[in-house]
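In what follows, every chain begins at residue 1, and chains take the letters A, B, ... in the order their sequences are listed.
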Amino acid sequence: MSTFIAITISGLALGAVYFLVASGLSLIYGLMDVLNFAHGAFLTLGAYAGWEVASHLTGALGTEGQFAATIAAATAGGAFVALVTEVLLIRPLYGRPISQILVTVGLDLALVGLLLGAFGSNSRAIPAPAWLTSVTRVGAERLPNGDFVALGAGIVVLCGLTWFLRYTRYGLVIRAGVENREMVQALGIDVGRAFTLVFVIGGAAAGLAGLLYSFVFSGGLVDPTQGDQLLIFAFIVVVIGGLGSLNGSVIAAILVGLVQVYVGFYLGSHNGLAELGNVSVVLLLAVVLQARPGGLLGTPT
Amino acid sequence: MSTTTTPTTPTDPTGAASPVRRATDRFVARLAGGPPRVGGTAPVRRTGSVVGGIVLAVFAVLPFVGVQVPWVLPGTVDVVNSAGTLQVLGLCFVFGGVALGYDLLFGYTGLLSFGQVLYFAEGAYVFDIALTQWHWALLPALALTAGVGLVLAVVLGAISLRVNGIAFAMVTLAFAQAMYYLIEDNPHGLTGGDTGLAMATARVPALLLGVGNTRDLYWLALAFLLVVYAVVWLATESVTGRVWMAIRENEARVEVLGLRSFPFKLSAVVLSSLIATGGGVVYLLLIGTVAPDAVASTTVTISVLVMVVLGGVGTRWGAVVGAIVYVYLQQYLLKVAAQPSFASLPGVLRAPLSQPEFLLGAIFILFILFAPGGIAGITGRLRHGIASRRQDAQKGGSSGARAH
């Protein structure tokens, strides 16, 4: 029983990380019809930005200060690279959605190559405070603190995004743009700014997700290709949830996270098939698509 | 749209002047970034086949050319017919075939798949496992590989075609990634996991083995490319091929005209998947070993996509040229990065230059931004430029206005 609870918490934490990645992807797709393939590179760059800052500080700000600086660096790094991408590569290609997708594919290829060239293919360890890697006792359970941090980050971002979309002017523009972009433009609203904003928000969430994934799920290590692995699961979450639906991403992220860890733990690790959890998620995708081609909360196309 | 009243019956969407045909031609021209073709395609095609024949003849006799060429060869020995160079060229041809198959799917039918590597990996791995783990003879192993490839393509194709557009891309990506994880997992020790699986040579004809016979493998790869080219040419010029292009152009309209698009889309998926499977088989014979990262990772799909776009989407020869350029550059850059003089470069230059993927990705981005028709688009524009200048000269430059 105690394993079950620990596994469930871990699955929810994984779902939270997936949500951080998928929310950006889903918003970007919903508003701009761009499948951002370079999102994986944003994730990795965020984690490396965190590593860069944390390894240069070496305790200058104290443990907590350093942790906060690491998180800030990852978020800002992801946001910055997303901003540059949108302005330099996506904006000149408005009206050519396939080209926009292809350019993000090329960017992903180039950025991962650049990271491999700069940091090598070996993983780097990101310095983390001791409490992050230890466990909390709740009754008889021993629950890793990292899981709670990831879960908390997911909830904070979800609440922040919901508030932003519901109660701010730009949120209104973005929601309207997802519904009907041409109409918003026809009303004289500068959708271009909303595009940039959505990209920056998505990039920031991705950078944060990349760092949290390193901390919580790969033992504090970051390597140049981890973002692309994570991106594929985020794609699955986005499709299961329904393209462009933020609430769909939430449900799908939790579902995928839980299925992945349950199958991986209860069926996979006993039979020596470490990757079975990953495979099961793809099967889940196939089942959902058979039942609802538009995803759980999407409209069928 | 068309202003003529050409009757387009659902059973014959292939009439020479049908709206579908003209629409697809316009679409191809638009994709190629140039103006629509003028004055029919016959002369262009004739020049094309002459050039193609000459290039093919040159490639076919290359293994007899023992000339030393400095700098430009990707092999470690600077001789044209050295084993290293022939192997790289063979790899170019394998990916030329796979890219052609992908162009059939993406360029002709308009289906953006991110999972093409699945079938490439299936070809290489099932063939390897049958030969190496089960000690099957060559032909049964081939038959098994083709059979599994066919079943996978039909089943996974049918599932992924439940969705359209971007969702199709993501779903195919997910399937391919599941295959990658299965291979990494090494079930029953079949795939060799991370380290891969070297091909057992006991049941393979001696003709196709060893460094001394790289020549034969080179010809095998060239023959593969030639067969794929013929198949893709026949398929895209057939009735089915016309429907593929019509689907790419306007799927709803095809359905309204009374054709169900699903079987046509599935046939495109299956044919291009089988081509990728064939590519995997030839890859295994040529390289002699498989590993997940080289054969089954999403990077392979992305590379093939880049090859097709670099060469020119929806143009058969463009995909082949794109693949040859891509693989050649990739291998050549790797060789350059491995040279001792390279290590003396400052780190700022060395880090990006040591990664062919960085340079190829950057080149690709530049093409998307500035030459979206790829190599074929550039040559098309040049050719059109010459043709229209000639026309202008004939007309005394009276009608100099040109579409751009």
Side-chain angles (χ1 to χ4, degrees), chain A residues 29 33-35 37 88-89 92-93 96-120 225 228-229 231-233 235-236 238-239 242-243 268 271-283 285-286 289-290 293-295 298 300-301, chain B residues 31 106 110 112 114 156 159-160 162-171 173-188 293 297-299 301-303 305-306 309 313 337 347-348 350-370 372:
Chain A
Y29 181 81
D33 293 331
V34 176
L35 171 70
F37 224 86
L88 288 186
L89 296 179
L93 295 173
R96 287 165 57 191
I98 294 285
S99 294
Q100 285 178 325
I101 294 166
L102 293 179
V103 92
T104 63
V105 169
L107 181 65
D108 190 65
L109 201 64
L111 283 180
V112 172
L114 200 59
L115 285 171
L116 278 169
F119 296 98
T225 54
D228 287 343
Q229 305 269 331
L231 181 70
I232 288 166
F233 292 106
F235 279 165
I236 294 175
V238 170
V239 177
L243 282 160
N271 303 322
L273 296 172
E275 311 280 3
L276 199 67
N278 297 340
V279 177
S280 70
V281 172
V282 178
L283 291 179
L285 172 73
L289 284 181
Q290 286 307 300
T301 45
Chain B
L31 263 182
F106 174 52
L112 178 59
F114 277 122
L156 298 184
I159 295 175
S160 42
R162 296 271 296 167
V163 288
N164 286 323
I166 292 309
F168 177 79
M170 295 192 192
V171 173
L173 175 68
F175 283 136
Q177 197 64 14
M179 176 74 136
Y180 175 82
Y181 287 130
L182 276 179
I183 290 170
E184 284 261 298
D185 245 356
N186 195 12
H188 305 290
D293 282 327
S297 86
T298 299
T299 317
T301 305
I302 291 180
S303 308
L305 174 66
V306 170
V309 177
V313 177
V348 189
R350 199 177 59 229
L353 291 183
S354 66
Q355 298 295 325
E357 273 68 26
F358 168 73
L359 288 171
L360 288 162
I363 293 172
F364 179 67
I365 292 173
L366 292 177
F367 260 83
I368 297 275
L369 289 175
F370 302 112

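Heavy atoms closer than 4.5 Å to chain B are found in the side chain of A/Y29, but not in its backbone. With a 4.5 angstrom heavy-atom cutoff, A/L89 touches chain B via backbone and side-chain atoms both. Of the two parts of B/V171, the backbone and the side chain both hold a non-hydrogen atom closer than 4.5 Å to a non-hydrogen atom of chain A. Only the side chain of B/L305 comes within less than 4.5 Å of a heavy atom in chain A; its backbone stays farther off. Looking at B/T298, the atoms closer than 4.5 Å to chain A (heavy atoms on both sides) all sit in the side chain, from C-beta outward. Neither the backbone nor the side chain of A/L115 comes within less than 4.5 Å of any heavy atom in chain B. Heavy atoms of A/L289 lying under 4.5 Å from chain B belong to its backbone as well as its side chain. The parts of A/L102 that come within reach of chain B are both its backbone and its side chain, each placing non-hydrogen atoms under 4.5 angstrom from that chain. With a threshold of 4.5 angstrom between heavy atoms, B/F358 approaches chain A through its backbone and through its side chain. Proximity to chain B (any heavy atom under 4.5 Å) is shown, for A/L116, by both the backbone and the side chain. For a residue to count as touching a neighbouring chain, one of its non-hydrogen atoms must lie under 4.5 Å from one of that chain's; by this rule B/F106 touches chain A with the side chain only.
From B/D293, atom CG reaches atom OG1 of A/T225 across 8.0 Å, with rounding to the nearest 0.5 Å. To the nearest 0.5 Å, atom CG of residue A/L109 and atom OG1 of residue B/T299 are 7.5 Å apart. Between the CG atom in B/L173 and the CG atom in A/L231 there is a gap of 7.5 Å [rounded to 0.5 Å]. If you take CG on A/L276 and OH on B/Y181, they are separated by 13.0 Å, rounding to the nearest 0.5 Å. If you take CD on B/Q177 and CG on A/L285, they are separated by 13.0 Å, rounding to the nearest 0.5 Å.
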(request) Evaluate the side chain to side chain contact (heavy atoms under 4.5 Å, CB included) criterion for residues A/L114 and B/Q355: first the C-alpha distance (whole Å), next the side-chain angles of each, then the deciding distance (0.1 Å), finally the verdict. (result) CA-CA 7 Å; A/L114 200 59; B/Q355 298 295 325; over 6 Å; no

(request) Might you work through the side chain to side chain contact (heavy atoms under 4.5 Å, CB included) test for A/I101 and B/I166, ending with a clear yes or no? (result) CA-CA 9 Å; A/I101 294 166; B/I166 292 309; 3.2 Å; yes

(message) Walk me through whether A/F37 and B/F114 qualify under ring pair (Phe, Tyr, Trp, His ring centres under 6.0 Å).
(response) CA-CA 11 Å; A/F37 224 86; B/F114 277 122; 4.5 Å; yes

